[in-house]
Number of protein chains: 2
Amino acid sequence: MVAKASNSDAQDTADVRGVTAPDGSVKARLERGALNLFREHGVDGVSTRAIAEAAGVSEGAIYKHFKSKEVLAQHLFEAIHEKLYALVEEQLNAAESFDDGVLRVVKTYCKAADDDPTLFEYHLTHMFRFGVRHYPGRPDPTTLIASRIQDAIDNGACPPGNPEIKAAAALGVVLQPAAHRMAGRFEGTMTDHADQFARASLAAVKET
Amino acid sequence: MVAKASNSDAQDTADVRGVTAPDGSVKARLERGALNLFREHGVDGVSTRAIAEAAGVSEGAIYKHFKSKEVLAQHLFEAIHEKLYALVEEQLNAAESFDDGVLRVVKTYCKAADDDPTLFEYHLTHMFRFGVRHYPGRPDPTTLIASRIQDAIDNGACPPGNPEIKAAAALGVVLQPAAHRMAGRFEGTMTDHADQFARASLAAVKET
DNA sequence: CGTTAGTGAGTGAACGCTCACTTACTTTCA
DNA sequence: TGAAAGTAAGTGAGCGTTCACTCACTAACG
């Protein structure tokens, strides 16, 4: 899951790898085409004809790769969801302290938003459609973050409180600005402000 | 726009008044029925036949009150949007200091979420569909908050920085937990945690 | 020659919306 | 005062359109 980084020309698109099929394949073109359309018009605002056209294939080709339009949309959401989980887990394991963990997770979200804005925006705007249900065993970044906050509370690295609320508040500090940036409310990349967000996130975790 | 409050039995539902038509009317039943369905299934997941059935009227009745299903959905979103704007403005004007203003706004959002969860959830989940475009003159709570943050920066009550980012981070501290609560990630009302959110929001504003 | 990927016309269902009509109430005026 | 005319709300069958999805077919390939 971690970027190989041995290939010299695989630098800035590292986060996208593993989320979509190999470039150029019909499946990858369907995924990218659908993603672009879903992001702009929402899943329900996009027809299978439009997806096929965007991918440069016939409508029937969709059904050689995905059982339904809904499954395609879910697959795209799950892909970014699981990728984020893996990235967050990697950074949390590499963290030297609780505060360092918060900084790393915030930077991870900022980088993900900057690296593939379309993918991130789709994830953000469709959280309520696909992300609401959380059941045990599902790789959910928020649950992971909450459990690490619980550990920090036990260790005394974080003041006591409801870890789910702390996790939500900390994430909100990053995700709401990400949404506002997508709406054109401010300029610059998310990473430009990562340190601010990290400080604010940390404060939010400790105050809630 | 502000509640008249002369009527003694208009206490805890005050926030809802003015958002929908008078109770019992066909228009009010259409708005409530549509709102409940839109919240649960999304605007595109609800048919005009279903709305009519929920309101206990015929399908044609919808079009005596609203030009289209889309207009009905927009109307519902705008109603809560403008109501929130009015409430936020009222609290900001009553605030004795910048810190007090943050506390009041956070409490306002918490109360709105608690008083009419359906309305608030619809607002939250459809922000990306209706709330993305912000143009001058539109009553937008976020823009109002950002402008007050700018004032505070000018007065020295708040450290310098981009007010749009500060506003987004502060709102995120409240809205993300609100979304997580709706997803069933924690118990209790939003107001139960309003003081925590206020402290965290204030910290987020000052750290970004 | 069997398998797999891709085609695209076709299908039934569901959709948003319309419209001729009924009903209930208000206004007009001899 | 009371019949006639006008108005607005509500009805529900039905319209044209679009939709997701299917399937008989072809092309490419080992």
Side-chain angles (χ1 to χ4, degrees), chain A residues 18-79 118 122 125-126 128-131 133, chain B residues 18-79 122 125-126 128-130 133:
Chain A
V19 169
T20 55
D23 282 6
S25 72
V26 168
K27 189 169 186 178
R29 278 187 286 137
L30 280 169
E31 288 171 334
R32 245 322 132 177
L35 184 64
N36 288 329
L37 291 167
F38 287 165
R39 179 199 61 84
E40 191 172 354
H41 304 105
V43 171
D44 293 322
V46 175
S47 68
T48 49
R49 279 179 250 276
I51 295 168
E53 198 188 355
V57 294
S58 70
E59 218 182 329
I62 297 168
Y63 296 89
K64 294 289 174 186
H65 296 280
F66 304 97
K67 194 177 168 293
S68 66
K69 187 182 92 165
E70 189 68 14
V71 164
L72 166 56
Q74 276 174 25
H75 161 78
L76 288 169
F77 184 86
E78 290 295 328
T118 302
Y122 175 67
T125 56
H126 287 73
F128 294 111
R129 184 186 244 259
F130 300 117
R133 303 259 157 262
Chain B
V19 169
T20 55
D23 283 5
S25 73
V26 168
K27 190 169 186 181
R29 279 186 286 138
L30 279 169
E31 288 171 334
R32 246 322 131 175
L35 184 65
N36 288 329
L37 291 167
F38 288 167
R39 179 199 61 84
E40 190 172 355
H41 305 104
V43 171
D44 293 321
V46 176
S47 68
T48 49
R49 277 178 248 275
I51 295 168
E53 198 187 354
V57 295
S58 71
E59 219 182 328
I62 297 169
Y63 297 89
K64 296 288 176 183
H65 296 281
F66 304 98
K67 195 176 168 292
S68 66
K69 186 182 92 164
E70 189 69 13
V71 165
L72 166 57
Q74 277 174 25
H75 161 78
L76 288 170
F77 184 86
E78 291 294 329
Y122 175 67
T125 56
H126 288 74
F128 295 111
R129 182 185 245 257
F130 300 117
R133 303 259 156 259

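We name chains A, B, ... by the order of the sequence lines, and we start the count at 1 in each one.
Taking every heavy atom of both residues into account, A:A34 and A:L76 meet most closely at CB-CD1, 4.2 Å. Among all heavy-atom pairs drawn from B:I62 and B:A52, the shortest one is CD1-N, 4.2 Å. Among all heavy-atom pairs drawn from B:L37 and B:A54, the shortest one is CD1-CB, 3.8 Å.
Classified by interplanar angle (parallel below 30°, tilted 30° to 60°, perpendicular above 60°), the ring pair A:F130/A:H126 is parallel.
Contact of the A:V43 side chain with the A:K69 side chain is registered, since non-hydrogen atoms from C-beta on lie closer than 4.5 Å. B:F38 has its side chain within reach of B:I51: a pair of non-hydrogen atoms, C-beta onward, lies under 4.5 Å apart.
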For nucleotides 28-30 of chain D, which of its nitrogen or oxygen atoms have a protein nitrogen or oxygen under 3.5 Å away, and what is each distance?
none

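Comparing the axis of the opening five pairs of the helix from C:dC1-D:dG30 to C:dA30-D:dT1 with that of the closing five pairs yields an angle of 10°, rounded to 10°.
Distance CD1 (A:I51) to P (C:dT7): 15 Å, rounded to an integer number of Å.
Aromatic pair B:F66/B:H75: ring centres closer than 6.0 Å.
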Contact string for nucleotides 9-25 of chain D, one letter per nucleotide 5' to 3', B = base within protein heavy-atom range under 4.0 Å, S = sugar-phosphate only, - = neither, reads -BBB-B----BBBB---
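Rounded to the nearest 0.5 angstrom, A:S58 OG and A:K64 NZ are separated by 9.5 Å.
Salt bridge annotation for A:D44-B:R129: absent, with no cationic side-chain nitrogen under 4.0 angstrom from a carboxylate oxygen.
Within 6.0 Å of the CD atom in B:E53, the count of heavy atoms belonging to other residues, nucleotides or ligands does not exceed 12.
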